[in-house]
Structures are given as structure tokens and as C-alpha cells.
S.K.: 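Let me give you the structure first, and then I'll get to my questions.
Here the structure is a predicted model, which means the values were calculated and not measured.
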Amino acid sequence: MIALVDGDSFYVSCERAFDPHLEGLPVGVLSNNDGCVVARSRELKALGVAMGAPLHQLPPAIRRQAVLLSSNYALYGDVSRRMNQVLAEFSPAVELYSIDESFVHFSGFDPGALEAHCQRLRETVRRWTGIPAGVGLAPTRVLAKLANRLTKREPAYEGVCRLEADSDATRRLLERLPVAELWGVARRTAERLQLMGIETAWQLRQADPKWIRGAFSVVLERIVWELRGHPSIELENMLQPRQRILVSRSFGRLSDALADLQAATRQHATRAAEKLRRQGSLARAVLVFVRTNPHRLQDAQYANSHVVALPEPCNDTPTILAAARRALAAIFLEGHRYQKCGVMLLDLVDAERRQLSLLEEPADARRRDRSRRLMAALDHLNREMGRDTVRFGLPHQDNAWALRCQRRTQRYTTCWKELVTVKTG
DNA sequence: TCTGGGGTCCTAGGACCC
DNA sequence: TCTGGGGTCCTAGGACCC
């Protein structure tokens with residue numbers, strides 16, 4: 001059996017774990033730049049606030065009533081790590097799926113014993129991390145996602161729901177469930193399915209898998225098999241190195257100045273190079289993109305990107321900065337009000353398995369070794385003394401592109417300076 | 001005024017080769 | 001008049017996820 005374990009309204013639960021005053025209040029956590037609501041407590045959902053609702057579109061009454069917090073990813077990432085440590089106590093096979101969800105594999109349990117085991121798991125997560133969790137048990141991932149959702153909707157399950165592939169209960173559930181609510185079926189696919197007369201999850205399950213593959217894709221065919229109880233979806237292992245690394249941000253306010261884009265691009269490229277080294281990879285190319293604000297119909301729109309190949313795979317910040325600067329120069333146009341830019345590192349390879357050049361000169365090896373030691377020292381200092389203790393170029397004040405995040409809570413678990421203000425009961 | 005960020009996989013179609 | 005077919009590789013874009 002596969003269990004999908006997730007934290008209820010995860011970001012909100014993290015905030016509540018460290019500030020019990022938030023319990024029972026309508027609480028929301030905002031995206032970067034305090035743009036949209038990305039996590040909602042039960043009470044906030046009850047007020048009719050939709051997932052992804054732009055902050056500035058919320059009615060004033062709700063903004064007065066609700067507690068709306070900037071996102072605090074340092075805190076959420078740390079709580080997530082602790083939650084997965086607890087899961088590892090209950091099964092040797094835990095797959096991290098996202099910051100708030102993991103798949104946990106169980107074998108060799110009697111049905112009754114497994115549900116009791118999952119109840120203990122849930123209580124332990126609550127006690128050790130403060131996070132209320134839901135556990136959906138089923139033979140496949142798609143069904144486990146559904147079972148997990150039932151735990152949120154039906155308090156009677158007490159947080160643990162088990163779904164068999166062929167029970168009457170499963171059939172009744174699928175017959176009532178619109179296809180769009182399945183994991184892996186979103187609006188586009190749901191619309192096409194509807195045109196072919198498939199509206200419920202049960203109708204999809206009954207469809208011919210080969211026909212589904214031809215008319216749609218192998219992805220949807222796998223979902224059909226999963227609904228029937230045959231495991232067909234494998235996950236990319238979250239612990240594997242990423243295949244690409246992206247760092248991007250919207251600006252705090254629009255800007256038409258090349259200097260602003262250069263500074264932001266430099267910042268993003270620096271972060272991306274740090275991530276690259278942390279996962280032990282080298283990049284072979286750097287992509288930079290820029291765009292104006294697509295929501296501002298009154299502004300001329302422009303979006304473009306450019307890739308610069310690196311002379312050899314590398315993780316050296318100055319080399320990546322230089323490539324990013326050239327890429328930006330290739331796409332920057334005067335007279336546009338830019339809203340966002342980003343840096344992507346592409347074509348990543350394992351640093352340990354770097355292809356050595358036959359034409360390599362001793363000087364190249366020395367230069368590379370010097371860069372490796374410099375980057376290691378830089379990462380070490382920034383890790384120990386705080387981000388950007390040592391950096392390339394000058395720091396900037398009052399950037400157009402700096403994030404707005406005026407409502408962030410303390411980084412209770414990862415920052416000593418912010419620990420002292422923890423509130424109690 | 002104010003609308004997130006970071007990923008993955010799959011497919012179609014073009015370029016190229018024999 | 002008559003202009004193949006099959007394979008691979010690469011890329012851009014679509015769709016989806018949290």
C-alpha cells in the first residue's frame with residue numbers, strides 16, 4: 001500500500017505551530033512579493049477566499065478580518081525536513097514529493113494494523129512538529145491522493161482514510177467525482193474529455209486505456225490504470241539532482257532601467273550558482289529571460305529569453321555572471337517597463353563525472369582548481385556567517401526589484417537572532 | 001499601486017543522415 | 001510524367017504539479 005501524507009494547510013500550520021494565537025483565526029500565507037494567497041486556513045476558505053487570489057482583489061472586510069502573512073520559506077522548509085524525519089521512523093521507504101507531501105510505502109501489514117500504524121504516525125507528526133497531517137492509503141498514487149483528500153472533507157476519518165481499488169465505496173466516490181479533480185487532470189484535459197462524454201472519474205476508469213493513449217497521451221493512460229488499482233506512475237526521485245535550476249522574481253515595482261535588470265540578473269545568477277554547487281552539478285548553458293507585466297494591458301508587452309553556452313561545464317560564479325550579463329544584453333530593449341526577470345542554468349551534469357578535454361593545458365587545470373577552492377571558501381563563509389556575507393559586486397539599496405514582504409514572521413528555527421521573539425500560549 | 005516561483009514529463013515537428 | 005523511407009536527435013511549447 002501507498003500512503004500520501006500531507007500537512008493540512010501546510011504553511012498556515014507552520015505559522016500556527018510557532019504562534020498559537022493564530023489558532024481558530026482566518027489565516028492566509030502570501031506568495032513572494034505579497035502577491036497572491038497561496039495557503040489558507042479552514043476559516044479563511046470559509047470566508048470564500050480562493051487559492052491564488054490576488055491580495056489586492058480581496059474585499060476590504062476580509063483584509064481587515066484575516067491575518068495575512070508573507071511567506072517564510074526558511075521556516076516551512078525546516079518544518080518539512082522534520083516532518084520527513086518522523087515519517088522515516090514509520091517506514092524505510094519515504095519519497096519526498098513536495099514541501100508538504102510525501103509518499104510512504106508499506107508492505108506486510110494486516111489491514112487493521114496498517115490503519116492503526118498510520119494513526120500513530122499522524123499523532124507523532126503532530127506531537128513532534130506541531131503539524132496536523134492527513135494520511136490517504138491506497139494501492140496506487142492516484143487513489144492515495146483521493147483518499148488523502150477525503151480525510152480533509154470528512155472529519156469522521158480522523159485523518160486516516162483507506163481506499164481499495166474495487167470496493168463499492170470507491171465506485172460510489174468515483175461516480176460522483178468530476179475528472180478535473182483527479183491528480184494529473186487539469187482544465188485543458190478535462191475540457192477535451194468532456195467533449196468525448198467523459199465527465200466523471202468512474203467514466204474515465206471504464207474507458208479503454210489504449211484509446212485514451214491514442215486520443216490523449218500516455219500520461220492519461222497511466223491515470224486510467226491507476227484508477228483501476230494498477231500502479232503505473234513512478235516519481236522522479238526528489239533527492240536526485242535537479243535537471244535545471246531556475247531563480248526568478250517579480251520586481252517590487254516596475255522598472256525600465258537596464259541597471260535594475262543587470263542588478264537583479266546578477267543576484268539571481270549568484271543564487272542559481274549557489275544552488276548548482278549545493279547539488280554538486282555543473283551547468284553547460286545559462287538562460288536569462290525578461291518580461292513586462294502581462295496584466296497591464298495599457299503597457300506595451302515584451303518577453304524574451306536568450307541562452308549563452310558556457311565554454312565548458314562549470315559552477316564558477318564569475319563565469320556564470322558574465323554569461324548572464326551577455327544574455328541580458330542580447331534581449332534588453334529600451335522603453336519597456338519590466339516586471340520580472342530570471343536566470344536558468346541548463347544542461348546540468350554531475351561535477352564528479354566531468355568530461356575532461358584532450359586538449360587541456362596544465363594552466364586550465366590550475367585555473368579550475370583555483371576557482372573550485374574560491375567557490376568552496378565563498379560558500380562556506382556565506383553558510384556560516386549569513387547569506388551575502390561575501391559576494392561579487394556592490395550591494396544595492398532600495399532596488400526597484402527588491403521584494404516586498406512586509407508581513408513575514410520570524411525565522412524561528414533557522415535564525416538565532418529571530419528566535420528570541422517566540423510567543424507562548 | 002498591487003496578480004508567485006520552481007519544477008517535471010511528453011509530444012510534435014524540423015533538421016539531418018543514410 | 002516522374003522526386004523515398006526510416007531513423008535519430010534536438011527544441012519549443014503544452015500541460016500539469018505543488
S.K.: From C/dC17, B/dT3, B/dG4, pick the nucleotide closest to the side chain of A/Y97?
M.R.: C/dC17

S.K.: Under 4.0 Å: is that the gap between some side-chain N or O of A/S248 and OP1 or OP2 of B/dG6?
M.R.: yes

S.K.: Give the rounded distance in Å between these two atoms: CZ of A/R296 and P of B/dT1.
M.R.: 8 Å

S.K.: Please figure out whether A/S217 or A/L55 has its closest DNA chain B nucleotide nearer the 5' end.
M.R.: A/L55

S.K.: To the nearest Å, how far apart are A/R249 CZ and B/dC2 C1'?
M.R.: 18 Å

S.K.: Have a look at A/I245 and say if it touches a base, only the backbone sugar-phosphate, or nothing, with a 4.0 Å heavy-atom cut-off.
M.R.: sugar-phosphate

S.K.: Among the nucleotides C/dC18, B/dT8, B/dG6, which one has an atom lying closest to any side-chain atom of A/R244?
M.R.: B/dT8

S.K.: Which whole-number value in Å describes the distance from A/R63 CZ to B/dC2 P?
M.R.: 13 Å

S.K.: Within 45° of the ring axis of A/F392 and under 6.0 Å from its six-membered ring centre, is that where the NZ or CZ of A/R266 lies?
M.R.: no

S.K.: Within the structure, does a side-chain N or O atom of A/R187 lie under 4.0 Å from either OP1 or OP2 of C/dC16?
M.R.: no

S.K.: Can you confirm if the NZ or CZ of A/R228 lies within 45° of the ring axis of A/W225 and under 6.0 Å from the centre of its six-membered ring?
M.R.: yes

S.K.: Can you tell me the distance, in whole Å, between the CD atom of A/Q339 and the P atom of B/dG5?
M.R.: 8 Å

S.K.: Establish, with yes or no, whether the OP1 or OP2 oxygen of B/dG6 is under 4.0 angstrom from a side-chain nitrogen or oxygen of A/K340.
M.R.: no

S.K.: For a quick check of understanding: with a heavy-atom distance under 4.0 Å over all strands, which category does A/R242 fall into, base, sugar-phosphate or nothing?
M.R.: sugar-phosphate

S.K.: Which whole-number value in Å describes the distance from A/Y73 OH to B/dG7 P?
M.R.: 13 Å

S.K.: Quick one: A/M344 CE to B/dG5 C1', roughly how many Å, whole number?
M.R.: 11 Å

S.K.: Find the distance A/D347:CG to B/dG7:P and express it as a whole number of Å.
M.R.: 16 Å

S.K.: With a cut-off of less than 4.0 Å, is there a side-chain N or O of A/K145 near OP1 or OP2 of C/dC17?
M.R.: no

S.K.: With heavy atoms under 4.0 Å as the rule, sort A/T189 into base, sugar-phosphate or nothing.
M.R.: sugar-phosphate

S.K.: Both A/C36 and A/R213 contact DNA chain B. Taking the nearest nucleotide for each, which residue is further toward the 5' end?
M.R.: A/C36

S.K.: Can the positive tip of A/R120 be found less than 6.0 Å from the middle of the six-membered ring of A/F90, inside 45° of the ring normal?
M.R.: no

S.K.: Passes salt bridge (charged side-chain N to carboxylate O under 4.0 Å, His left out), A/R337 versus A/D256? Steps please.
M.R.: CA-CA 5 Å; A/R337 308 183 67 205; A/D256 60 1; over 6 Å; no

S.K.: When rounded to the nearest Å, what value does the distance between P atoms of B/dC17 and C/dT3 take?
M.R.: 24 Å

S.K.: Answer yes or no: does a side-chain N or O of A/R188 lie under 4.0 Å from OP1 or OP2 of C/dA15?
M.R.: yes

S.K.: Taking the side chain of A/V218 as heavy atoms from C-beta outward, which of C/dC18, B/dC10, B/dT3 is closest to it?
M.R.: B/dC10

S.K.: Under 4.0 Å between a side-chain N/O of A/S31 and OP1 or OP2 of B/dT3, yes or no?
M.R.: no

S.K.: Just to be sure I understand the rule, does A/L220 reach a base, reach only the sugar-phosphate, or reach nothing, if contact means heavy atoms closer than 4.0 Å?
M.R.: nothing

S.K.: Look through every strand shown and name the nucleotide pairing with C/dG6 as Watson-Crick or G-U wobble, where both distances are under 3.5 Å.
M.R.: B/dC17

S.K.: Verify the contact: side-chain N or O of A/N293 to OP1 or OP2 of B/dT3, cut-off strictly under 4.0 Å; return yes or no.
M.R.: yes

S.K.: When you look at A/S70 and A/D34, which way does the side-chain hydrogen bond (donor to acceptor under 3.5 Å, both in side chains) test go after all the steps?
M.R.: CA-CA 6 Å; A/S70 300; A/D34 293 347; 2.7 Å; yes

S.K.: Considering every strand and a 4.0 Å limit on heavy-atom distances, what is the contact class for A/N32: base, sugar-phosphate, or nothing?
M.R.: sugar-phosphate

S.K.: Any side-chain N or O of A/R222 less than 4.0 Å from the OP1 or OP2 oxygen of B/dC9?
M.R.: no

S.K.: Send over the distance from A/F216 CZ to C/dC16 C1', rounded to a whole Å.
M.R.: 15 Å

S.K.: Nearest to the side chain of A/S250, which nucleotide is it out of B/dG7, C/dC18, B/dG4?
M.R.: B/dG4

S.K.: Run A/K45 and A/E43 through salt bridge (charged side-chain N to carboxylate O under 4.0 Å, His left out) and show every step you take.
M.R.: CA-CA 5 Å; A/K45 288 175 193 168; A/E43 298 79 4; over 6 Å; no

S.K.: Kindly say whether A/E158 contributes a backbone atom to a donor-acceptor pair with the side chain of A/R122 at under 3.5 angstrom?
M.R.: yes

S.K.: Categorize A/D34 for me: base, sugar-phosphate, or nothing, with a 4.0 angstrom heavy-atom threshold over every strand shown.
M.R.: nothing

S.K.: Can a side chain N or O of A/Q243 be found less than 4.0 Å away from OP1 or OP2 on B/dC9?
M.R.: yes

